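Take a look at the structure below.
Quick caveat: nothing in here was measured; it's all calculated off a predicted structure.
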Amino acid sequence: MSAPDPLSSTPFRLPSGSDADAPVFAEPWQAQAFALAVALHERGVFSWSEWAAHLSHEVKSPDAAADGADYYQHWLAALEALLSEKGVAGKDMVDSLAASWRRAAQATPHGSPILLENDPQHG
């Protein structure tokens with residue numbers, strides 16, 4: 001006998017035309033952003049209420065794509081805002097680290113793992 005479906009009694013429904021077996025994340029970085037948000041919450045950096053408020057603010061911004069195509073960009077913006085607000089990492093630190101990863105990616109041979117140490121300006 002199979003267990004009852006916990007979603008059968010909830011109002012949640014997939015959007016019309018959605019495939020229940022489709023990947024949740026279109027790209028790996030989206031899954032990483034999701035995992036980062038969960039990990040930071042688990043470490044007590046922010047509460048789910050704080051997270052929901054910041055993400056809601058970002059998603060409702062006037063420049064948000066009507067089709068939600070930029071949803072995970074809003075995740076990143078919400079994470080950056082919370083990290084700055086909590087004094088974990090300010091915008092300058094986040095921007096500097098992002099630039100370092102970009103340089104590392106450009107300096108890494110195709111097929112090799114991208115390591116921060118590959119940034120020519122690292123250390």
Side-chain angles (χ1 to χ4, degrees):
M1 177 177 238
S2 65
D5 179 0
L7 294 180
S8 63
S9 63
T10 66
F12 174 80
R13 298 287 178 262
L14 289 171
S16 175
S18 294
D19 179 3
D21 295 324
V24 175
F25 305 104
E27 299 187 31
W29 72 265
Q30 296 170 345
Q32 293 167 338
F34 179 89
L36 183 57
V38 171
L40 290 168
H41 164 73
E42 288 176 346
R43 286 172 177 76
V45 174
F46 51 78
S47 69
W48 283 133
S49 297
E50 290 172 310
W51 169 251
H54 277 76
L55 181 57
S56 177
H57 172 77
E58 294 296 335
V59 170
K60 291 178 182 178
S61 69
D63 60 337
D67 66 356
D70 56 356
Y71 182 69
Y72 285 101
Q73 292 292 340
H74 296 297
W75 272 67
L76 292 178
L79 281 171
E80 289 178 11
L82 275 165
L83 290 174
S84 180
E85 182 181 300
K86 299 291 183 170
V88 175
K91 181 174 176 16
D92 290 344
M93 180 184 285
V94 170
D95 290 348
S96 175
L97 192 54
S100 186
W101 277 110
R102 277 191 294 278
R103 288 189 303 269
Q106 292 169 349
T108 300
H110 181 75
S112 297
I114 299 171
L115 305 171
L116 195 54
E117 293 78 26
N118 293 347
D119 174 6
Q121 297 178 22
H122 181 74

Discussion item. Give me each pair satisfying salt bridge (Lys or Arg N to Asp or Glu O under 4.0 Å) with a member in residues 97-121, each pair once, sequence neighbours excluded.
Written reply: R103-D119
Discussion item. Less than 4.5 Å apart, side chain to side chain, heavy atoms only: is that true for S61 and H74?
Written reply: yes
Worksheet item: Mind checking what makes side chain to side chain contact (heavy atoms under 4.5 Å, CB included) contact with H41, not counting sequence neighbours?
Response: F46, W48
Item to complete: Kindly give the heavy-atom pair with the smallest separation between A64 and V59, and that separation in Å.
Response: CB-O, 3.2 Å
Worksheet item: Under a 4.5 Å side-chain heavy-atom rule over Ile, Leu, Val, Met, Phe, Trp and Tyr, are L40 and F25 clustered together?
Response: yes
Fill in: Heavy-atom donor-acceptor pair, S112 side chain to T108 backbone, under 3.5 Å
no
Fill in: Contact summary for A33 and L76, nearest pair of heavy atoms
CB-CD2, 3.9 Å
Worksheet item: Honestly curious: do W75 and W101 fall in one hydrophobic cluster under the side-chain, below-4.5 Å linking rule?
Response: no
Item to complete: Give every residue pair that meets the side chain to side chain donor-acceptor pair (under 3.5 Å) criterion with at least one member in residues 28-38, sequence neighbours excluded.
Response: E27-W29
Fill in: Heavy-atom pair of closest approach, residues E50 and L82
CB-CD2, 4.2 Å
Worksheet item: Taking it one step at a time, do L79 and V94 satisfy side chain to side chain contact (heavy atoms under 4.5 Å, CB included)?
Response: CA-CA 10 Å; L79 281 171; V94 170; over 6 Å; no
Worksheet entry | Validation row: Y71, L55 side chains within 4.5 angstrom (heavy atoms) | yes
Item to complete: Please answer whether the main-chain N or O of A65 pairs with a side-chain N or O of D70 as donor and acceptor at a distance below 3.5 Å.
Response: yes
Worksheet item: Is the side chain of S84 donor-acceptor paired with the backbone N or O of A81 at a distance under 3.5 Å, no angle test?
Response: no
